[in-house]
Amino acid sequence: MSELSKTYEPQAIEEKWYASWLAGGCFDAHPERVTPDRPAYSIVIPPPNVTGVLTLGHVLNNTIQDILARRARMQGKEVLWLPGTDHAGIATQTVVERTLKKAGEIKHRDDLGREKFLEKVWEWKEKHGGIIIQQLKKLGASCDWKRERFTMDPEYSACVQRVFADLFEKGSIYRGKRMVNWCPVSRTALSDEEVIMKAQSGMLYHFRVEIAERPGTFLTVATTRPETIPGDTALAVNPKDSRYSEFIGLHAVRPLPAELPREERLIPIIGDEHVEFGFGTGVLKVTPAHDKADFEIGQRHGLAAPDIMNPDGTMNALAGVALAGKDRFEARKIAVALLTELGLMEKEEPHQNNVGFSERADVPIEPRLSSQWFLRYPSQDASREVVKSGKMRFFPERWTKVYEHWMEQLQDWCISRQLWWGHRIPVWYFAGSDLAAARAAVGHEAAPEAVRQLEDGSIAYCGLIAPADLTYWQQDNDVLDTWFSSWLWPFATMGWPEETATLKAFYPTTDLVTGPDIIFFWVARMIMAGFEYRGELPFRNVYFTGIIRDKQGRKMSKSLGNSPDPLDLIAKFGADALRFGVMRSAPLGQDVLFDEKNVELGRNFCTKLWNAARFRQMQGGAPEGEIHSDLLSTDDKWILLRLDGAIAEVSHALDEYRFSDAAQALYRFFWNEYCDWYLEASKALLNGSDAALRDNTLAVTDFVLAHTLRLFHPFLPFITEELWHGLGFNQELPADQGGHSLMQARWPLPLGEDFRAHYGLLPEDEARAQARFDVVLAGRGLRRDFNIPSNKRVPFVLKGEAPVSAHDVEVIKILLNAESLEVAGNIWEPTRGTPSSLTPLGHLYLPLNGLVDVAAERERLGKEIAKIEQELLKVRTKLSNETFVSGAPEAVITEHRQRESDWQDKLGEIRRVAAALAD
RNA sequence: GCGCGGUUAGCUCAGCGGUAGAGCGCUUGCUUCACACGCAAGAAGUCGCAGGUUCAAACCCUGCACCGCGCACCA
């Protein structure tokens, strides 16, 4: 136990203890230690992007996980918090590609070729990967780092391929030509979840189309995308629309590309229920290759679907000479100009519509017809049921509705990506059309289902082992969606498919902590994978954090520059301060409006804790002395009872994942109850002459502090560890129960019946202490009302019926900064006009030695009387209400009567004082 | 269009049937021997609007308004 420095300096302490925890193996999970008496507790981290950096979102998320993990350890559980990172396909590839472009090394990744490019990505990963892991350590995360996993570790990749092959053989994975979301920047297909709808204000263009069979007759079409006209293969009207039904079966002359002969531009006018009467003109141009709804119309009517665009979003030759090679938005302008030239443009009107954007590249996605791999989700029923039945619980519960809704209308998942960075699809295409020949050509034993004919007629083999002779086989070029590896995270990180000790001990995991924004991307898919491959739920509870926003409620974003760097905050305020500040302002289920002020508050709180500990240390004496029940003061009993309340409150809040409530309770208890009242009151005994009483109070102080540090530890791991050792609380404990580290000490339990009985802690102790505090509050009020500066010591007189102990007098004196507190008998009479206040222990007087301002005191009393009368009126109005008296329960009425009489007494007293002033 | 949140002190939020609360900010006083990252006292709220249920409504019910989010979507 060393002397605590005058100010709390987090940096040195944080580094020191983190190293000590690591060296002591405090974070290590031991499956073999799991027994019925030492149950397992496990969390898998939501793997951050391997090349990412820590954000406030991570701080929130990981602090919560750390609190859960640390508390579980203190509760005597065997804890596994399994860390790792995600390869983040598109994100990482995009960053690397952009960097290489900026450096002038390439124009496009094709310049390097697949292998060379991947080398660059791995280089990048080696260089920048793991930064976030170091940052999590700075935050204090107690992960078992020896078990760190990466989604592209060889073993992990094998899991991904195994699952793909299995689902392929089961027929759940298929390849097909479908309308997909295409990102022209990343040049890959995306899943529906990666498309974000954004409201856009654009134009609705009305242009005329001539009917081929009736020259001079025109239909007007409304569209937002005139550049796709060259891809139109029909006009559609609703067959029930009397305005147009007569034209069904005729043909329209598509205006573009204008250079084509008229007969090559004739497109049928068809009837389709999809067309709305009310929208636009009621005539729809049908572009099957570039619009999802149009594609479906095309399917129904057997229309051709010419693709008029390139993968990068520029128009191709089919779009015509005027548009070819132009970017789609440039082409739009040109198309409008062409229509205007042709005299076909009728009008343009401003139009609000929703456009799907690529989540990553933030550009409008292009609906595009292409061949992709799709997954029909497995284990859907079990996954729905487990949440519906409450066997798996969501916190806050309302997210179950969102989950159920999504699960009800599951669409097949497009899992192939036209990228290089990721898990390459384990499929090889056969150079031939004979299934039997293909089977033979695999060259090793393969399940019959592993070789199949696909929709387009080609023959594919899927398996973990490549075909022996690659002469006849060509591997699929695509990689898998990143989430196709993430969805296996809970078990793929634990050694699956081997039945490892870790899996046996720690799976299913206990809690999952993540953001609601990835409920579909990740949570729902993990549940389905869990059921499909482990036959049960992957985690029992899911805690959804809020989203971190700035003070104005805006999402944190790089472009807005409104996302502070957590490491700066740690450097400035300390990791504990950051953790506490964030947790205190993150209520269950609510978004978090981040304000640096919160971190400042956390820092201030750490300082308070530090100084309270310093104060204890300055009193000297050995820690953890025995408490003698017969020597306990009112204050001692009071703080023990308050501590008991705090333990219960914090434990209860944590059980329900109400972290901000737990933090608030701790804050309130320690600052407002322990420091503001108990610590001040204890000075009466600490400065007194009775050594036994003094020691006993120190014992109580140590008892409370030792418990408080434990309660705080999950929130404030560093400072509590430092103080735990600094105050010597570790000294008497076994090494594995707090002797080595506070993180292994026992989580406090509420004080039991026997404890209360032994120490004589009764509810009335709280009341007695409170009564005394009321005297103090009254006295401070008098000081204020009569402008006595708080540093000026003045005498007070307390005149009451009940006796007041010498100890209580001393305490009140200290808390009032009084020169003296005279306890006067009934004979004592104050000088006329002496300010006074009624307290539970009698009248408290502030004699001002003839300096009384009678008028001021009269005014003050007048105000107080008015206030009391108002309260009295309120309660009397209620009590005089016949329906209230007859309808309300007895207890409520009694309580109101009591309240009335209390106010009445008070009023009587004050009126007497006021009357004495009047004459 | 459907669904989910929210609307309480200047700000951020707690309270969810029986006397309106916290932190920050603000005002005033104080360097009182743990802490000015502090101590003490204070000002400040028709609890979004309108109905209803109840002896009693921030709290329960209905409708409306506004803010935010998600899903779906008409070119």
Side-chain angles (χ1 to χ4, degrees), chain A residues 4 6-8 197 204-205 221-225 228 236 274-287 291-294 297 351 353-354 396 398-399 401-402 405-406 409 516-517 519-520 547 549 551 553 555 573 577 584-585 587 589-595 597-598 600-619 660-661 664 667-668 671-672 675-676 679-680 683 687 776-777 780-785 787-793 814-817 871 874-875 878 881-889 891-893 895-896 899 902-903:
Chain A
L4 297 173
K6 183 146 190 215
T7 52
Y8 168 52
M197 300 306 282
L204 191 59
Y205 303 94
V221 180
T223 181
T224 54
R225 302 203 62 188
T228 63
H274 170 80
V275 182
E276 300 257 341
F277 290 45
F279 189 90
T281 58
V283 184
L284 171 70
K285 70 192 247 332
V286 182
T287 325
D291 183 281
K292 208 174 172 192
D294 289 5
I297 295 175
H351 178 65
N353 67 341
N354 290 322
R398 62 187 162 85
W399 291 110
K401 248 191 158 164
V402 176
H405 183 247
W406 189 72
Q409 39 165 53
D517 47 338
I519 188 166
F520 310 137
I547 310 259
R549 298 172 180 282
K551 267 191 279 193
K555 264 193 178 173
F573 299 107
R584 199 173 159 287
S585 55
Q590 295 288 115
D591 284 355
V592 185
L593 298 194
F594 182 81
D595 185 342
K597 281 269 173 209
N598 291 323
E600 205 175 313
L601 175 115
R603 189 268 319 264
N604 294 352
F605 185 70
C606 288
T607 305
K608 189 74 179 175
L609 188 59
W610 185 261
N611 279 297
R614 262 184 79 219
F615 175 78
R616 163 64 190 90
Q617 195 174 56
M618 290 163 92
Q619 303 306 314
S660 64
D661 288 349
Q664 296 267 23
Y667 184 95
R668 193 216 62 236
W671 200 312
N672 300 130
C675 289
D676 289 351
L679 192 151
E680 292 302 323
K683 287 176 181 173
N687 297 336
V776 173
L777 291 171
R780 286 172 178 167
L782 289 174
R783 284 190 90 111
R784 158 82 180 196
D785 289 334
N787 296 320
I788 314 286
S790 45
N791 62 336
K792 187 166 161 76
R793 303 189 138 211
I814 288 174
L815 292 170
L816 275 179
N817 194 27
E871 291 299 329
K874 261 204 261 179
V875 74
K878 262 185 141 178
N881 183 346
E882 187 48 43
T883 46
F884 171 69
V885 180
S886 57
V892 172
I893 303 216
E895 190 266 325
H896 275 75
R899 207 191 298 164
D902 286 352
W903 285 122

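Computation of the quantities below employed the complete heavy-atom set of this structure, encompassing side-chain atoms and omitting hydrogens, waters and symmetry-equivalent molecules. Just so we're on the same page: letters track the sequence lines, and every chain starts at 1.
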Watson-Crick or G-U wobble partner of [N], both distances under 3.5 Å:
{"N": "B:C30", "answer": "B:G38"}
{"N": "B:C69", "answer": "B:G3"}
{"N": "B:G21", "answer": "B:C13"}
{"N": "B:U46", "answer": "none"}
{"N": "B:G51", "answer": "B:C61"}

Counting any heavy atom closer than 4.0 Å, what does [X] reach on the DNA or RNA strands: base, sugar-phosphate only, or nothing?
{"X": "A:L204", "value": "nothing"}
{"X": "A:D517", "value": "nothing"}
{"X": "A:A293", "value": "sugar-phosphate"}
{"X": "A:V892", "value": "base"}
{"X": "A:P889", "value": "base"}
{"X": "A:T224", "value": "sugar-phosphate"}

[X] side-chain N/O to [N] phosphate OP1/OP2 under 4.0 Å:
{"X": "A:N598", "N": "B:G23", "value": "no"}
{"X": "A:K401", "N": "B:C4", "value": "yes"}
{"X": "A:W671", "N": "B:C39", "value": "yes"}
{"X": "A:K874", "N": "B:A20", "value": "yes"}
{"X": "A:H405", "N": "B:C4", "value": "no"}
{"X": "A:R899", "N": "B:U19", "value": "yes"}
{"X": "A:N791", "N": "B:U31", "value": "yes"}
{"X": "A:K597", "N": "B:G25", "value": "yes"}

Nearest to side-chain heavy atoms of [X], which nucleotide of [options]:
{"X": "A:S790", "options": "B:G38, B:U32, B:A22", "result": "B:U32"}
{"X": "A:P789", "options": "B:G23, B:C30, B:A75", "result": "B:C30"}
{"X": "A:Q409", "options": "B:G18, B:A72, B:C30", "result": "B:A72"}
{"X": "A:A888", "options": "B:A56, B:C55, B:G23", "result": "B:C55"}
{"X": "A:R398", "options": "B:A41, B:U19, B:C4", "result": "B:C4"}
{"X": "A:H896", "options": "B:G18, B:C71, B:A34", "result": "B:G18"}
{"X": "A:L777", "options": "B:G23, B:A34, B:A41", "result": "B:A41"}

Quiz item: When A:L284 is tested against each of A:I297, A:V221, A:T223 for side chain to side chain contact (heavy atoms under 4.5 Å, CB included), which residue passes?
Solution: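 Single side chain to side chain contact (heavy atoms under 4.5 Å, CB included) partner of A:L284 among A:I297, A:V221, A:T223: A:I297.
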Quiz item: Any donor and acceptor pair, going by atom type alone, linking the side chain of A:R783 with main-chain N or O of A:N817 inside 3.5 Å?
Solution: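 Such a contact is found between A:R783 side chain and A:N817 backbone.
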Quiz prompt | Of A:S585 and A:N353, the one whose closest RNA chain B nucleotide lies more 5' | solution = A:S585
Self-check item: Closest-nucleotide ordering on RNA chain B, the 5'-leading residue of A:N672 and A:N817
Solution: A:N672
Practice problem: Classify the glycosidic conformation of B:A20 as syn or anti, calling it syn when the angle lies within 90° of 0. | Solution: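 Anti, angle beyond 90° from zero.
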Looking only at heavy atoms, what is the nearest atom pair of [X] and [Y], with distance?
{"X": "A:W671", "Y": "A:N604", "result": "CZ3-O, 4.0 Å"}
{"X": "A:T224", "Y": "A:L204", "result": "CG2-CD1, 3.7 Å"}
{"X": "A:I814", "Y": "A:E680", "result": "CG2-O, 3.8 Å"}

base_contact_polar ([N] base, [X] side chain, donor-acceptor, <3.5 Å):
{"X": "A:R784", "N": "B:U28", "answer": "yes"}
{"X": "A:N881", "N": "B:C55", "answer": "no"}
{"X": "A:E680", "N": "B:A40", "answer": "no"}
{"X": "A:T883", "N": "B:C55", "answer": "no"}

Quiz item: Do A:S790 and A:K792 have side-chain atoms, one donor and one acceptor, less than 3.5 Å apart?
Solution: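 Result is no, nothing qualifies.
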Quiz prompt | Between P of B:G38 and CG of A:L609, the distance in whole Å | solution =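 Taking atom P of B:G38 as the reference, CG of A:L609 is at 13 Å.
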Exercise. Find the distance A:I547:CD1 to B:G68:C1' and express it as a whole number of Å.
Key: 12 Å
Quiz item: Parallel, tilted or perpendicular: which describes the rings of A:Y8 and A:W610, with under 30° parallel and over 60° perpendicular?
Solution: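 A:Y8 and A:W610: tilted rings.
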Quiz item: When rounded to the nearest Å, what value does the distance between P atoms of B:A9 and B:G23 take?
Solution: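 Their P atoms lie roughly 16 Å apart.
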Practice problem: Working to the nearest 0.5 Å, report the span between CG of A:L601 and SG of A:C606. | Solution: 9.5 Å
